[in-house]
Amino acid sequence: MRLFNSDYYANMGLADIRDKVEVGERLSFEDGIKLFECPEPLAVGALAHMVRTRLHGDKAFYVVNQHVNYTNVCVNGCVFCAYQREEGQEGGFVLSKEDVIAKIDSAALTPREIHIVGGCHPKLKLDYFEDILNAIKERLPEVVLKCFTAVEIAHFAQLENISTHEVLTRLKTAGLDMLPGGGAEIFAPETREQICPRKSTAKEWLAVHEEAHALGLKTNCTMLFGHIESIEDRIDHLIQLRESQDRGGGYTCFIPLPFLTENSQLTIENPLTGLDELRAIAISRLMLDNIPHIKAYWVMLGVKQAQAALKFGADDFDGTVVEEKIGHEAGATSEQGMTRSELTEMIKGCGCTPVERDGFFNEI
Ligand code: V47
Ligand code: SF4
């Protein structure tokens, strides 16, 4: 992978950063800000593509997976969220264990990874979740169960009046393998307070992930961007994730999530452009030098933008998904799911080699 030449980066004020990236040296907070301020997103993208190529060559990973949302009833009422309903509100739903199993049984392909998340329901107790995990693992012993964000884990602990450590231990015994990356949003306290005041704090979110890592569970991590956060908030968020990974090492994949604006209480003056999204993905690759994978989540990005992201630092295309509600309630125009051949064609179409993986990123 060839970079633009040194003069080009010197003209952009990025000569030092180019040199650091070339030798694999860690970027600072100030470097991250400079990358957001650089007038030329392609220069930033080329640096991220070099790192992505060094790590993964031209491979782009995908997984046969299935998303299941067990409820949209949530006590948190995050300002940006189009998915949440109050208890008793029209459109609210709660799936039974049987409903969840029926969804999995009716999928066209047997999933290797199942992603289960929902709102913070005021009444669903831990045994409901244990029953669901046990029932799935009984039918599909090999599947990787990636379930419940750190925010849900903290909510279960509060409802049961037990520690998050005990919640994680009980769910692990029932078959939990991984936590998905949701709920991180943006860590900076003043911004977090404005967009999700009732949600776990950044410190709580990070503590649950680090507890999970100590128990041998893998986790993912995310950042919701393109709302009211500043560039400084974004770099702070990425550096907090990087430091957390230095402490435990259990993060597998980072998912940058561009804010989708429909049906939200949050009004945005300057919505993200396509290039803004690609730049943020590229900078995530460059700052997160200790997290192996960056996901181009086609559901939120749209398939064509996810293809472009594979050239801006991302290496994973997520998966077949089957059914998705959180992004679609907020205006995502992507399909509900993709077939294996659609995924591989999309990946090949942008010059990458499709590699099927399991939930832990083991190649199949
Ligand atoms: O935490 C909510 C985000 C997340 C909106 O770990 C929104 O592999 C954009 O975390 N616009 C859930 N984003 C999705 C998520 C995820 C998805 C796929 C894979 C994995 C993984 C994790 O969606 C929430 C929140 O940050 N979100 N509303 C919105 N309007
Ligand atoms: Fe609830 Fe999650 Fe929506 Fe916040 S983002 S209101 S926690 S479902």
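Quick note: residue numbers are just sequence positions, from 1. It should be emphasised that the depicted structure is a prediction, and the values quoted were computed from it without experimental measurement. All ligand and atom numbering here is 1-based and tracks the order in the structure.
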Which atom names give the shortest non-hydrogen contact between H213 and T219, and what distance separates them?
-> NE2-OG1, 2.8 Å
How close does the nearest protein non-hydrogen atom get to atom 25 (C) of ligand 1, and which residue and atom is it?
-> E185 OE1, 3.3 Å
Considering only non-hydrogen protein atoms, determine which one is nearest to atom 13 (N) of ligand 1 and report residue, atom name and distance to 0.1 Å.
-> L224 CD1, 3.3 Å
Under 3.5 Å, N or O to N or O, is M300 touching ligand 1 that way?
-> no
Considering only protein heavy atoms, which is closest to atom 3 (C) of ligand 1, and at what distance to one decimal place?
-> L257 CD1, 3.9 Å
Among protein heavy atoms, which lies nearest atom 12 (C) of ligand 1, and at what distance?
-> I326 CD1, 4.2 Å
Note the single closest protein heavy atom to atom 20 (C) of ligand 1, along with its residue, its atom name and the distance in Å.
-> H115 CE1, 3.4 Å
Mind checking whether N220 has an N or O less than 3.5 Å away from an N or O of ligand 1?
-> yes
Between D318 and ligand 1, does any nitrogen or oxygen pair lie at a separation below 3.5 Å?
-> no
May I ask you to decide if the ring planes of Y297 and H67 are parallel, tilted or perpendicular, using 30° and 60° as cut-offs?
-> parallel
Going by heavy atoms, is G183 under 4.0 Å from ligand 1?
-> yes
Residue, atom and distance of the protein heavy atom nearest atom 2 (Fe) of ligand 2 read K199 NZ, 4.0 Å
Parallel, tilted or perpendicular: which describes the rings of F61 and F361, with under 30° parallel and over 60° perpendicular?
-> perpendicular
Ranked by distance from atom 6 (O) of ligand 1, the top protein heavy atom is G181 N, 2.8 Å
Mutual orientation of the aromatic rings belonging to H209 and W205 [parallel < 30°, tilted 30-60°, perpendicular > 60°] | parallel
Nearest to atom 1 (Fe) of ligand 2, what protein heavy atom do you find, and at what distance?
-> C74 SG, 2.3 Å
If Ile, Leu, Val, Met, Phe, Trp and Tyr residues are connected whenever their side-chain heavy atoms lie under 4.5 Å apart, and connections chain through other members, are V100 and I114 in the same group?
-> yes
Close aromatic pair by centroid cut-off 6.0 Å: F129 and F156 = yes
Taking N or O atoms only and a 3.5 Å limit, does A184 qualify as a polar contact for ligand 1?
-> no
N/O separation below 3.5 Å, H67 to ligand 1 = no
Does C81 bring an N, O or S atom to within less than 2.8 Å of atom 3 (Fe) of ligand 2?
-> yes
Quick one: look up the protein heavy atom nearest atom 11 (N) of ligand 1 and list residue, atom name and how far away it is.
-> L260 N, 2.8 Å
When the ring planes of H56 and H293 are compared, do they come out parallel, tilted or perpendicular, using 30° and 60° as the limits?
-> parallel
How far is atom 10 (O) of ligand 1 from its nearest protein heavy atom, and which residue and atom is that?
-> G182 CA, 3.1 Å
